[in-house]
Amino acid sequence: MKVYNTLTNRKEEFVPIEEGKVKMYVCGPTVYNFFHIGNARPFVVFDTLRRYFKYRGYEVKFVQNFTDVDDKIINRAKEEGITAPEVSEKYIEEYFKDAGALNVIKADVHPKVSEHIPEIIAFVQTLIDKGYAYEADGDVYYSTRKFKEYGKLSGQNVDDLGSGARIAIGEVKKDPLDFALWKARKEESEIAWESPWGMGRPGWHIECSTMAKKHLGETIDIHGGGQDLQFPHHENEIAQSEACNGVPFSHYWMHNGYITIDGEKMSKSKGNFFTVRDIRDHYTGDVIRFFLLSGHYRSPINFSDELMESAKVGYDRIATCKDTLSFLAKNGSDEKMADEDKLIADFDGFRQKFIEVMDDDMNTADAISTIFDLVSAINVAVKDGASKTYAEAALKMIAELTDVLGIFQIEEEDMIGDELQALIDERQAARKEKNWARADEIRDQLAAMGITLKDTPQGVQVIRN
RNA sequence: GGUAGCAUAGCCAAGCGGUAAGGCAUAGGUCUGCAAAACCUUGAUCCCCGGUUCAAAUCCGGGUGCUACCUCCA
């Protein structure tokens, strides 16, 4: 498999550290609010990558943190009159609800910053001991210029960064490029821990370095996150980890593109964002996920009602195909069509195509179009009178591919109640007598209940919307 | 000022050296009691200019336009 490595700016063959295994770390949310559609993209993208690795037989260890110590959480706690831990606990719970709706599988480990303070302190101390960091008034800063390779991920060089007018010069920092590893407490009420430098809390970047090391080791295979974390967050992680451990931090860095609204980046700071919670009022998590995977993960994608609507219709095309197959698997003919065995054998071609495009830097857009091609082939076969056996095989094939993308949640099979069955039977009787008025009345009645009836050669198909 | 990236049909979007996938929308048709779904048919020389090549949407150079990062942000 090839992946685009931000570190080298090119696609590279993926070679794991340990054969057959993948160690992945993905930056998780700061839990002070519901997450928005832009936050959702890396969750979905890297969940899909993880699923694909598993599909290809790798054993994956996947770690995604929760940043539960942060200014924004502290501010939120003040606003709501509750403690910071209460805020983060609440939004961790909400994270799992929305991520679950998006069919994002839980990470093997979801480490929290608040549970890694001793490790973080030790990490910072090592950096001080090695001469990469210094204490100043209870803060600890990283001496950016000491790390010779600083800038290798983002393609920046320290002198250009230094000349940028937008870097504020802190009072106690020795160099404007230095960043905080540890922040001294400013107010008594702030959440803080004991440390060799006094009461305080970790800086933002150090947590990821520490938690990745603890749960995955000093060198990992893949580090993922949004493109906007590339600098400074990931650059700083590299500086911290490699200075501390003396070995490469991550072999591959993968960054997803951002989501735009009317062509502008959506972000919490701009306020032009939509939470997944809100979008879920209009679309299912599956459709949202399908939308997010409909473009290549590195390209920016625009979000709008119109595009979501278009995605929903496309998604329904696949869903309808699956529904039809499920129906035929039960009610279809036992008699095979002439070339049915060949058609079933041809499924492997779609599988191979799917693997080929996913192997190429996880091209989910092409993967989806392969699924559409499969759907077309299936629809033709169904039109030509495919058998029960075909339906079962086709259903299995389509489920195999959609499961890798995670775009269909496993749903409980709906039982058709007696009352509903009675109405359906009555309508069939009415149709037999050509009492179209009554038949349509029943169909409309059920439609109002969110149930669509399709009259097919194999009988009535019941679809719940 | 520094650094990335993008520009393909009405819209979304793949392709990244051999003469343009797929989805949505549109129009016509088939099937159906009517529907629903499905099926068939329907569309682009790829921002502009120059170059390399037998061959370029794909490579190189120069434009133009857009976006992002350099500040908390996925």
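By convention in this document, chain letters (A, B, ...) are assigned in the order of the sequence lines, proteins followed by strands, and residues within each chain are numbered from 1.
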What is the nucleic acid contact for A:Gly38, judged by heavy atoms within less than 4.0 Å: base, sugar-phosphate only, or nothing?
base

Given B:C73, B:G33, B:G15, which nucleotide is nearest the side-chain atoms of A:Lys265?
B:C73

Please evaluate the base of B:G33 for a donor-acceptor partner in the side chain of A:Asp440 within a cut-off of under 3.5 Å?
yes

Nearest atoms (heavy-atom pairs only) where A:Ser250 meets A:Leu7:
O-CD2, 4.1 Å

Applying a 4.0 Å non-hydrogen cut-off, can you work out what A:Thr324 is touching in the nucleic acid: base, sugar-phosphate, or nothing?
nothing

Starting at CZ of A:Phe350 and ending at C1' of B:G22, how long is that distance when rounded to a whole Å?
13 Å

B:C39 pairs with which nucleotide, Watson-Crick or G-U wobble, both distances below 3.5 Å?
B:G29

Mind checking who B:G61 pairs with, Watson-Crick or G-U wobble, both distances under 3.5 Å?
B:C49

With the side chain of A:Asp455 defined as its heavy atoms from C-beta on, choose the nearest nucleotide among B:C40, B:C34, B:A21.
B:C34

Separation of B:C73 atom C1' from A:Arg41 atom CZ, nearest Å, is 15 Å

In terms of heavy-atom contacts, A:Phe43 and A:Gly28 come closest through CE2-CA, 4.3 Å

Considering just the side-chain nitrogens and oxygens of A:Arg438, establish if one lies under 4.0 Å of OP1 or OP2 belonging to B:C34.
no

Check whether any side-chain heavy atom of A:His215 lies under 4.5 Å from a side-chain heavy atom of A:His116, and answer yes or no.
yes

Do side-chain atoms of A:Asp178 reach the backbone of A:Thr144 as a donor and acceptor pair under 3.5 angstrom?
yes

Within the 4.0 Å heavy-atom criterion, would you say A:Tyr258 contacts the bases, only the backbone, or no part of the nucleic acid?
base

Of the candidate nucleotides B:G15, B:C70, B:A36, which contains the atom at the shortest distance from the side chain of A:Asp366?
B:G15

Comparing A:Asn39 and A:Thr452 on RNA chain B - which has the more 5′ nearest nucleotide:
A:Thr452

Say we look at B:U45 and B:C40: how far apart would their P atoms be, to the nearest angstrom?
25 Å

Sticking with atom P, work out how far B:G22 lies from B:C16, rounded to a whole angstrom.
16 Å

Can you measure A:Lys322 atom NZ to B:A37 atom P for me and round it to whole angstrom units?
19 Å

With the side chain of A:Pro42 defined as its heavy atoms from C-beta on, choose the nearest nucleotide among B:C12, B:A14, B:A74.
B:A74

Applying a 3.5 Å limit to both distances, which nucleotide forms a Watson-Crick or G-U wobble pair with B:U67?
B:A4

Can A:Asp71 and A:Lys186 be counted as an ion pair, charged N to O under 4.0 angstrom?
no

Of A:Ala377 and A:Leu307, the one whose closest RNA chain B nucleotide lies more 5'
A:Leu307

A:Asp70 CG to B:C72 C1': how many Å, rounded?
8 Å

When the aromatic ring centroids of A:Phe46 and A:Phe53 are compared, is their separation below 6.0 Å?
no

Quote, to the nearest angstrom, the P distance that separates B:G61 from B:G5.
13 Å

So, is A:Lys434 close to the B:C34 phosphate, meaning a side-chain N or O under 4.0 Å from OP1 or OP2?
no

Side chain of A:Arg443 only, heavy atoms from C-beta on: which candidate in B:G33, B:A36, B:G22 is closest?
B:G33

Nearest-Å distance once atom C1' is located in both B:G43 and B:C12
16 Å

Contact class for A:Ser154 (heavy atom, under 4.0 Å): base, sugar-phosphate, or nothing?
sugar-phosphate

Would you indicate which nucleotide in B:A38, B:G33, B:A21 comes nearest to any side-chain atom of A:Asp373?
B:A21

A:Lys106 to A:Phe96, cation-pi by 6.0 Å centre distance and 45° axis angle:
yes

With a 4.0 Å cut-off on heavy atoms, is A:Asp71 in touch with a base, just the backbone sugar-phosphate, or nothing at all?
nothing

Touch class at under 4.0 angstrom, heavy-atom based, for A:Ile368 against every strand present
nothing

Donor-acceptor under 3.5 Å (A:Arg280 side chain, A:Gly285 main chain):
no

Of the candidate nucleotides B:C69, B:A13, B:A38, which contains the atom at the shortest distance from the side chain of A:Arg317?
B:A38

Identify whether any heavy atom of A:His36 sits under 4.0 Å from a base atom; if not, whether one sits that close to sugar-phosphate; answer base, sugar-phosphate or nothing.
base

Among the candidates B:A25, B:G23, B:A37, find the nucleotide nearest to the side-chain atoms of A:Val313.
B:A25

What integer number of Å spans the P atoms of B:G17 and B:A36?
45 Å

Check whether the aromatic ring of A:Trp436 stacks on the base of B:G33, taking stacking as ring centres less than 5.5 Å apart and planes within 30° of each other.
yes

Across all strands shown, which nucleotide pairs with B:G10 by Watson-Crick or G-U wobble geometry, both distances under 3.5 Å?
B:C24

P atoms of B:G65 and B:A56, separation to the nearest Å:
28 Å

When we call it a touch if two heavy atoms are under 4.0 Å apart, what does A:Ile259 touch: a base, just sugar-phosphate, or nothing?
base

Under 3.5 Å, is there an N or O donor on one side and an acceptor on the other linking the side chain of A:Asp384 and the base of B:C39?
no

Below 4.0 Å: OP1/OP2 of B:C11 and any side-chain N or O of A:Ser304
no

Compare the minimum distances between each of B:A14, B:G23, B:A13 and the side chain of A:Phe372, then state the nucleotide with the smallest one.
B:G23

A:Gln156 side-chain proximity, nearest of B:U3, B:A13, B:A36
B:U3

Please state whether the phosphate of B:A14, meaning OP1 or OP2, lies under 4.0 angstrom from any side-chain nitrogen or oxygen of A:Asn363.
no

